Visitor: 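One structure follows; several queries about it will come next.
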Amino acid sequence: MTRTLIALTATSLMALTTATAQTTALTGATVLDGTGGPAIEGGTVIVEDGRLACVGAAEACPVPEGATVTDVSGHFITPGLVDAHVHFGQTGWLDGRPDSGVLGDVYAYDETIASAKAHPERWHEAYLCTGITAVYDVGGQAWTVTGEHATDTDRPDRVHVRAAGPLTTHVENNAGFMTGAVADEALFLPMQENADIAGNIAFLQEIGAHAMKVWYLAPSDEDRERLDALMMAAGAAADDAGLPLIVHATSLREAKIALQAGAEMLVHSVDDAPVDAEFLRLLTENDVVYAPTLQAGRNWARALASVAVDSPAPIDDPNNCVDADIRARINDTGSLNANLPPRLDFGWAINRLENAGAEVLQMQQNLVAVHEAGGLIATATDAGNPMTLHGPSIYEEMELMEAAGIDPAEIITLSTRNGAIAMGLEGETGTIEAGKIADLIVLAEDPRESTSAFRSLTHVMRLGVLTPQSALQVHDGE
Ligand SMILES: [Zn+2]
């Protein structure tokens with residue numbers, strides 16, 4: 001008797017949940033669908049089984065009976081944000097970068113990595129809390145590709161993840177990074193001869209990487225010919241293997257070699273010179289994604305300066321999304337300052353900040369040149385680098401793009417659809433169109449007026465599940 005009753009109750013509860021969970025409607029908002037097309041005023045968005053069933057004017061999308069309706073009149077709906085350049089293996093602080101030269105014995109790199117590997121959900125939480133619903137991890141140890149955080153993402157508490165895995169590079173002696181004797185722990189894979197490239201591709205395919213990333217720093221004059229040839233060989237081999245080639249090449253000459261080698265994405269700006277006609281032609285002819293990462297270098301300078309002067313850098317976290325442990329580390333500049341090598345003094349920090357400022361200006365000029373040439377730009381932060389925080393750093397990135405002269409209305413598309421294109425997910429997410437996965441955000445302010453409107457996030461919908469932003473915050477405000 002009791003058993004039957006319980007069974008019945010369970011069944012009817014399940015029926016109830018199914019009916020309400022399956023169809024959701026958002027009504028009354030201005031819908032900016034991410035395609036760059038006209039806004040839908042007073043629009044209705046209907047979601048069924050995690051997918052967008054109807055997007056349009058109220059008359060065009062009648063709300064089905066039994067649907068859960070949320071009236072968001074006066075608000076603005078855009079696709080979920082996409083950060084096209086992050087690293088799950090980095091924390092947003094210096095503890096993830098042994099090459100910074102300031103860690104001393106304070107933070108052991110293997111412990112940082114072990115913690116990042118054990119708790120990748122921290123970054124998923126920070127992203128959703130910020131309004132980000134997809135990220136491209138463009139470099140990390142093999143676990144950043146094979147980890148369940150990256151492979152099991154069809155769920156509302158995780159963002160979409162694509163991951164490139166270990167970086168192929170000619171650079172040797174990456175002190176402090178190559179901690180593992182086994183390939184599984186390596187951050188870098190060698191690029192000294194053609195056989196290396198074949199081996200790297202086999203490894204990337206074995207772990208299921210979504211791309212081959214080459215870290216191509218400007219070679220010395222005597223090494224140029226040999227390394228350019230290797231870069232070209234890497235491109236050809238990646239193409240044969242069906243792996244998209246993505247390249248870190250921030251100097252104009254090397255960026256052009258990367259484009260000639262068939263790169264599908266440049267993961268940073270060119271920052272050493274104005275881009276030229278040849279660069280723009282190579283970039284636009286092949287629809288290569290250009291990911292500006294305008295703030296990461298300056299944030300490095302901020303982080304190092306905060307240690308040099310022992311005064312914590314301000315944390316730009318308007319929606320309370322930054323992991324508490326990381327906040328504590330950023331605010332504890334004293335322990336790193338106590339171990340600081342003598343040459344890294346106040347003057348050094350100021351100099352670094354000044355150089356970083358000049359670099360941002362060069363990158364902004366190049367961004368405008370790429371934009372005017374019709375290049376495919378995807379908003380990207382390099383989150384995980386010191387002071388480039390997983391999640392909220394995307395707000396500042398968009399604001400720097402706007403400050404460069406890009407229209408805020410266009411930045412919506414660069415920060416949604418174009419990121420999905422970079423990740424190869426444009427058929428599934430990145431715009432608000434019927435048939436796509438229901439990944440969207442609700443804002444109180446109009447992002448066509450100013451990109452700072454993304455800070456006024458009120459709701460996040462991931463895979464059809466609508467959550468108020470207040471329920472996604474990871475710590476109490478101060
Ligand atoms: Zn990066």
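Predicted, not measured: the structure shown is a model, and the values here were computed from it. Whatever order the structure lists them in is the order used to number ligands and atoms, beginning at 1.
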Visitor: Per the side-chain contact (heavy atoms from CB on, under 4.5 Å) rule, which among Asp157, Val135, Val161 passes with His124?
Guide: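 Among Asp157, Val135, Val161, the one that satisfies the side-chain contact (heavy atoms from CB on, under 4.5 Å) with His124 is Val161.
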Visitor: Give a yes or no on whether a salt bridge exists between Arg162 and Asp137, defined as a side-chain N under 4.0 angstrom from a carboxylate O.
Guide: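 Judged by the 4.0 Å cut-off on N to carboxylate O distance, Arg162 and Asp137 do not form a salt bridge.
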Visitor: Just checking Trp143 against His149, ring centres under 6.0 Å apart?
Guide: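 Between Trp143 and His149, the centre distance is under 6.0 Å.
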Visitor: Answer yes or no for His248: is there an N/O/S atom below the 2.8 Å cut-off from the Zn ion (ligand 1)?
Guide: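 It does not: His248 brings no N, O or S atom closer than 2.8 Å to the Zn ion (ligand 1).
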Visitor: If you consider just the N/O/S atoms, which atom of Asp382 is the closest one to the Zn ion (ligand 1)?
Guide: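 This residue's closest N, O or S atom turns out to be OD1.
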Visitor: Between the Zn ion (ligand 1) and His268, is there an N, O or S atom separated by less than 2.8 Å?
Guide: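 Here the distance criterion (N, O or S atom, under 2.8 Å) is not met by His268, so no.
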Visitor: Do you know which of Asp323, Val159, Val86 makes side-chain contact (heavy atoms from CB on, under 4.5 Å) with Trp123?
Guide: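 Exactly one candidate clears the test, Asp323.
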Visitor: Kindly report the NE2-the Zn ion (ligand 1)-NE2 angle for His87 and His85 respectively, rounded to 10°.
Guide: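 Centred on the Zn ion (ligand 1), the NE2/NE2 angle is 100° (to 10°).
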